[in-house]
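This report concerns only the one structure given below.
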Amino acid sequence: MTKELGKAYQPTDIESAIYTKWERSGFFNPDNLPGKRKTPFTISMPPPNVTGELHLGHATGLTIQDIMTRYHRMKGDRTLYLPGTDHAGISTQVMVERLIASEGVDRNSLGRAEFVKRVWQWKKKYGTRITTQVRQLGTSCDWSREHFTMDPSLTAAVHKAFITLFNEGLIYRGTRIVNWCPRCATALSDLEVKHVETASKLWFIRYPLSGTTKYIVVATTRPETMLGDTAVAVNPKDKRYTQYIGQKIILPIMNREIPIVADSRVDMEFGTGAVKVTPAHDAADYDIGLTHHLPVINVIGQDNKMTKEAGEYYGKSVQDARHDIFIRLENEELIEKTIDYVHQQARCDRCSTPIEPLISKQWFLKIAPLAKPAMAAMKSGKVAIIPKRFERVYFHWMNNIHDWCISRQLWWGHQIPIWYCQKCQEPTASSAKPKSCKKCHGKQFKQEEDTLDTWFSSGLWTFSTLGWPDKTKDLKLSHPTSVMETGWDILFFWVARMIMLSLKFTNQVPFKTVYIHGLVLDKDGKKMSKSKGTGIDPIPMMEKYGTDAIRLSVVLGTSPGLDYRMYEEKIAGYRNFINKLWNVARFILSQPAPKGKLEIKSLADTWIMNRLNSLVTAVTKNIEEFKFSEAGTALYDFLWHDFADWYLEISKIEKNTGILRQVLSVWLKLAHPFIPFVTEEVWSQLVPSGKNHMLIVQPWPHADKKTTSSSAETNFGLLQQYITAIRNFRSEHSIPPTELLTVAFSGKQTGLVLDNIDIIKMLARLSKLERKDITKPTGSFPGLDYSIEAKIDAAKQQKEVASLSAYIQQLESKLTNKNFTERAPKEIVAKEKEKLREAQEKLKKLL
RNA sequence: GGGGACGUAGCUCAGUUGGUUAGAGCGUCACAUUGACAUUGUGAAGGUCAGAGGUUCAACUCCUCUCGUCCCCACCA
């Protein structure tokens with residue numbers, strides 16, 4: 001029946017078979033789980049990009065999500081882990097554009113319909129790559145409920161949400177200055193812009209005052225935008241300029257007369273205190289322009305080239321125009337000076353291209369009315385973030401939030417469900433083409449060409465995937481979801497927006513707890529980067545070391561919200577641990593299964609069962625408290641040290657195979673959420689086969705009060721101390737293990753030693769261990785003196801005496817300090833006294 | 001400019017509401033090895049817990065400041 005277990009664990013041989021077994025069992029689907037399951041537990045998987053590839057960030061998140069899922073499933077909850085993928089507007093479109101470029105075409109020559117068709121083909125081809133990799137990681141999600149953000153049902157949800165918000169006036173269309181990425185050729189939200197420190201120049205340009213020979217000097221990092229200047233602004237408090245307010249400037253090159261205006265937003269300290277105002281190409285200038293009713297002149301187009309308004313520079317690239325303008329100003333002696341200047345340049349988050357602020361017609365979501373309840377939900381504790389400090393970050397952002405630009409000039413995404421009447425241009429929000437215009441009864445319509453920001457559809461993710469806007473059973477059972485597990489980098493992009501949109505549309509928070517994991521760094525603490533080659537690809541690592549080892553390496557030694565380093569040696573270390581488990585199991589399974597009831601006979605038995613109970617309690621508590629690293633570390637230490645190093649060795653004498661199997665079996669259950677593959681495999685060797693016997697649905701263990709024993713903990717602890725002391729002695733005196741020692745002992749604890757004499761003899765490698773009165777002990781413990789027959793290193797002895805004396809002195813000074821003895825709690829004082837007594841006794845015997 | 005995190009053994013990290021002679025893994029060194037495991041075992045060396053003050057009987061732990069590293073937010077051209 002049982003197959004031979006190989007000497008070393010070979011994960012690749014069995015992982016995919018086990019995953020298939022799980023998937024076929026149907027247990028990923030909560031409707032198929034055995035028993036009555038009342039308490040719902042739901043996790044919505046943050047959808048990876050459909051054309052993406054699994055990286056360590058995914059691996060971290062998915063592992064933690066899966067740990068919670070597997071734990072709750074075993075605990076008996078109605079557990080749903082819902083997977084899916086995101087259409088990822090920009091990045092997917094860019095990939096396909098790159099592909100067709102290699103065929104020598106661009107999207108415009110292909111046309112919208114054909115291009116979108118090509119993207120769907122691409123999605124079909126590569127969309128399963130990521131889900132296959134998610135499976136490879138052992139993720140126990142319900143694939144029968146898998147969703148894609150552009151599924152018909154999710155598109156329906158997006159339409160419903162958009163139309164509702166539009167009809168309520170929360171979505172509006174406006175001509176505004178937006179962040180434009182020239183390379184992606186689309187508007188971006190504020191969040192998609194990052195600020196990068198960039199070395200540049202600050203040019204000081206003379207702007208002649210109209211009707212005089214005087215001029216005002218302005219400082220700028222972007223001289224080419226001067227063509228679109230419509231004012232110069234100064235601070236009203238700035239005495240240097242008060243006399244000029246209201247006067248006119250002759251704008252160089254353009255020879256246009258522009259006013260000097262006063263605005264308190266101008267920083268007197270910076271540059272010359274006078275600012276050129278270009279409302280069309282700078283967000284701050286745009287605001288100043290609004291206040292002072294300045295005209296807006298577009299001199300740069302969406303194609304990153306100068307417009308007709310730029311006069312003679314029409315058609316030139318921004319870079320060329322800058323160069324030419326500088327030369328011309330210099331020739332006209334209008335450049336006062338040029339200095340080196342480092343500033344935070346706005347760049348596209350995705351492609352790092354410098355952002356071009358441009359005026360354009362875009363769709364916006366009014367966010368303030370949504371932010372209010374979203375903040376209230378966090379304040380009242382309906383949503384909590386772990387770690388808590390991110391709640392402050394959340395509030396700060398929510399308090400300073402701007403309207404969200406939701407339209408993108410992309411073809412891949414949800415086309416905005418707005419239809420313009422071709423007669424009167426009235427927009428109607430509708431999922432399908434309207435029959436007739438409400439305003440003029442026109443019959444001809446044209447749909448808005450723009451698509452929605454990807455995050456608009458992912459903002460609905462927790463409820464759209466459960467069937468919303470329909471009132472489905474899933475929505476009723478599984479929403480709000482229990483936990484959202486994600487990285488801090490998308491707290492604003494995604495988490496905050498989900499909270500706002502979920503409250504808006506379902507009146508519920510999307511999730512009760514947000515668990516934030518850290519980002520993965522390379523060995524030097526830098527962000528992993530594909531281009532620099534510092535990244536570790538999890539897939540080959542999984543193949544080399546096994547998936548369970550990867551899972552441990554992204555969870556152990558990490559804490560919520562803190563970034564952590566990853567390197568191959570770490571993974572190899574956890575592979576070793578998995579192999580240790582494998583061999584522990586191999587050893588246990590090589591022995592005949594016991595007949596009859598479980599019997600706790602010896603001190604070691606009592607001790608290991610007690611330890612196991614503590615482990616059950618600790619692992620359960622830590623998982624409940626989201627301390628996954630601590631839970632995993634406890635499992636690691638127990639198996640390797642308590643169980644393998646001590647109990648397993650002792651079992652070679654005591655041969656209590658019942659306990660061996662019992663401990664292994666409970667441990668496998670506890671460890672299953674962390675390392676599902678190897679535990680399921682070992683489990684299948686340990687128990688009868690059959691679907692309902694699979695580890696994945698075994699009930700979560702409980703601590704057994706009947707087998708807890710604190711005295712066993714103490715006594716076994718002493719035993720360990722004795723053994724370690726002898727081993728230590730042997731090593732310090734360079735006595736080879738082949739040489740068996742003779743040890744004599746005496747004292748109160750002789751009973752403990754006599755009861756476990758064979759164990760001590762084996763583990764300390766002794767030929768003889770006998771009770772005998774000792775005059776000069778080699779060493780001593782509370783209740784036990786011992787003497788080892790061997791030559792004693794005097795220097796060693798002295799060193800120990802010295803350290804012991806120092807320790808005693810430290811304790812004595814503490815205990816003679818009245819402040820301590822009078823003010824510290826009695827237990828603490830008693831404890832210190834006991835320590836002193838023990839140390840003194842030990843020292844006496846050594847001398 | 002605002003906010004946050006981190007600084008504990010050579011390296012990567014634990015250290016729960018203040019009370020242990022400060023821990024683990026890797027690495028190093030010594031020794032061991034024919035039945036579960038060399039992806040191993042046993043033991044050792046290695047730390048003024050970044051620095052300076054303060055609170056306290058007692059500080060790695062709480063407070064303040066300083067130094068160092070990193071990150072987030074922000075329309076100083």
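Lettering of chains follows the sequences in order, A, B, ..., and the numbering in each one begins at 1.
Every residue meeting the side chain to side chain contact (heavy atoms under 4.5 Å, CB included) condition with A:Ser629, not counting sequence neighbours, appears here in chain and number order: A:Thr633. Applying the side-chain hydrogen bond (donor to acceptor under 3.5 Å, both in side chains) test to A:Asn235 and every residue at least two apart in sequence or in another chain returns nothing. Partners of A:Glu197 by side-chain hydrogen bond (donor to acceptor under 3.5 Å, both in side chains), not counting sequence neighbours, listed by chain and number: A:Gln344. A search for side-chain hydrogen bond (donor to acceptor under 3.5 Å, both in side chains) contacts involving A:Asp340 returns A:Lys201, not counting sequence neighbours. In this structure A:Asp229 satisfies the side-chain hydrogen bond (donor to acceptor under 3.5 Å, both in side chains) test together with A:Tyr207, A:Lys276, A:Thr278, sequence neighbours excluded.
By the 6.0 Å contact criterion, CD on A:Glu812 is enclosed, its count of non-hydrogen atoms from other residues, nucleotides or ligands being greater than 12.
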- Task: Please test A:Tyr545 against A:Tyr574 for ring-ring contact (aromatic ring centres under 6.0 Å, His included), starting from the C-alpha separation and ending with a verdict.
- Result: CA-CA 8 Å; A:Tyr545 296 107; A:Tyr574 290 120; over 10 Å; no

- Task: For ring-ring contact (aromatic ring centres under 6.0 Å, His included), just list the numbers for A:Phe577 and A:Phe674, CA-CA rounded to whole Å, side-chain angles, deciding distance to a tenth of an Å, and then say yes or no.
- Result: CA-CA 13 Å; A:Phe577 172 70; A:Phe674 296 81; over 10 Å; no

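Of the C1' atoms belonging to B:G15 and B:G23, the separation is 7 Å, rounded to the nearest Å. Rounded to the nearest Å, the gap between the P atom of B:C6 and that of B:A50 is 12 Å. Comparing the same atom, C1', in B:U16 and in B:G51 gives a spacing of 27 Å after rounding to whole Å. With both ends at atom C1', the span from B:G43 to B:A52 equals 40 Å, rounded to whole Å. One P atom belongs to B:G18, the other to B:U61, and the distance between them is 11 Å to the nearest Å. The same atom, C1', is picked in B:C72 and in B:U66; the two are 24 Å apart, to the nearest Å. Annotation: B:U34 and B:G41 have their C1' atoms spaced 15 Å apart (nearest Å). Comparing B:A5 with B:A9, their C1' atoms sit 23 Å apart, to the nearest whole Å.
Every pair passing salt bridge (Lys or Arg N to Asp or Glu O under 4.0 Å) that includes a residue from residues 623-638 of chain A is listed here, sequence neighbours excluded: A:Lys75-A:Glu624, A:Lys621-A:Glu625, A:Glu625-A:Lys627. Within the structure, ring pair (Phe, Tyr, Trp, His ring centres under 6.0 Å) pairs that include any residue of residues 808-829 of chain A do not occur (at least two apart or interchain).
For the residue pair A:Ser559/A:Tyr564, the side-chain donor-acceptor check at 3.5 Å is not satisfied. Residues A:Asp190 and A:Trp404 bring no donor and acceptor atom of their side chains to less than 3.5 Å of each other. Looking at A:Thr291 and A:Arg265, their side chains do bring a donor and an acceptor atom within 3.5 Å of each other.
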- Query: Dot-bracket for RNA chain B: what is it, with Watson-Crick or G-U pairs under 3.5 Å, [ ] where a pair crosses earlier ones, and | for a pair to another strand?
  - Reply: (((((((..((((.....[...)))).(((((.......))))).....(((((..]....))))))))))))....

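The distance between atom CD of A:Glu838 and atom P of B:U20, rounded to the nearest whole Å, is 15 Å. Rounded to whole Å, atom P of B:A74 lies 15 Å from atom NZ of A:Lys194. Summarising the geometry, the separation between CG on A:Asn399 and P on B:C72 is reported as 21 Å, rounded to the nearest angstrom. To the nearest angstrom, C1' of B:C73 lies 17 Å from CD of A:Glu192. Separating the CZ atom of A:Phe493 from the P atom of B:C72 is a distance of 12 Å, rounded to the nearest angstrom. One atom, CD1 of A:Ile401, and another, P of B:C73, lie 13 Å apart when rounded to the nearest Å. Remark: C1' of B:G2 and CZ of A:Arg389 are 17 Å apart, rounded to the nearest angstrom. Taking atom OH of residue A:Tyr564 and atom P of nucleotide B:C13, one finds them 11 Å apart after rounding to whole Å.
Distance from the side chain of A:Asn728 is smallest for B:G43 among the nucleotides B:U21, B:G43, B:A5. When each of B:G19, B:C37, B:U39 is scored by its nearest atom to the side-chain atoms of A:Lys831, the top-ranked nucleotide is B:G19.
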- What string of B, S and - do you get for nucleotides 22-30 of chain B, 5' to 3', when a contact is any protein heavy atom under 4.0 Å? ---S-----

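Counting any heavy atom pair closer than 4.0 Å across all strands shown, A:Trp397 reaches no nucleic acid atom. Within 4.0 Å (heavy atoms only), A:Ser559 reaches sugar-phosphate atoms of the nucleic acid but no base atom. At the heavy-atom level, A:Pro825 lies under 4.0 Å from base atoms of the strands shown. Among the heavy atoms of the strands lying under 4.0 Å from A:Lys7 are primed sugar atoms or P, OP1, OP2 only; no base atom is included. Within the 4.0 angstrom heavy-atom criterion, only backbone atoms of the sugar-phosphate kind lie near A:Thr724; the bases stay farther away.
Taking only distance into account, the side chain of A:Lys580 meets the base of B:C37 through a donor-acceptor pair shorter than 3.5 Å.
Note: A:Tyr341 and A:Phe270 meet the aromatic proximity criterion, with ring centroids under 6.0 Å apart.
Mapped onto RNA chain B by nearest heavy atom, A:Ala572 and A:Asn400 fall at different nucleotides, with A:Ala572 at the one closer to the 5' end. Map A:Ala644 and A:Arg727 each onto its nearest nucleotide of RNA chain B; the residue landing nearer the 5' end is A:Ala644.
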Under 3.5 Å, side-chain donor or acceptor atoms of residues 824-835 of chain A against the rest of the protein: list the pairs with distances, not counting sequence neighbours.
| from | atom 1 | to | atom 2 | distance (Å) |
| --- | --- | --- | --- | --- |
| A:Glu832 | OE1 | A:Lys814 | NZ | 3.4 |
| A:Glu832 | OE2 | A:Lys835 | NZ | 2.9 |
| A:Glu834 | OE1 | A:Arg837 | NE | 3.3 |
| A:Glu834 | OE2 | A:Arg837 | NH2 | 2.9 |

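Between A:Lys523 and the options A:Glu569, A:Met566, A:Arg565, A:Glu568, a side chain to side chain contact (heavy atoms under 4.5 Å, CB included) holds for only A:Glu569.
At B:G3, none of the side-chain N or O atoms of A:Arg392 fall inside 4.0 Å of OP1 or OP2 (strictly under the cut-off). Side-chain N/O atoms of A:Arg565 include one lying less than 4.0 angstrom from OP1 or OP2 on B:U12.
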List, with names and distances, any nitrogen or oxygen atoms from the protein found under 3.5 Å away from nitrogen or oxygen atoms belonging to nucleotides 75-77 of chain B.
| from | atom 1 | to | atom 2 | distance (Å) |
| --- | --- | --- | --- | --- |
| B:C76 | O2 | A:Asp267 | OD2 | 2.1 |
| B:C76 | N3 | A:Asp267 | OD2 | 2.7 |
| B:A77 | OP2 | A:Tyr341 | OH | 2.6 |
| B:A77 | O2' | A:Ala219 | O | 3.4 |
| B:A77 | N6 | A:Asp267 | O | 2.7 |
| B:A77 | N6 | A:Phe270 | O | 3.1 |
| B:A77 | N1 | A:Asp267 | N | 3.3 |

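Using a 4.0 Å cutoff on non-hydrogen atoms, the parts of residues 645-652 of chain A near RNA chain B are A:Asp645, A:Leu648, A:Glu649, A:Lys652, ordered by number.
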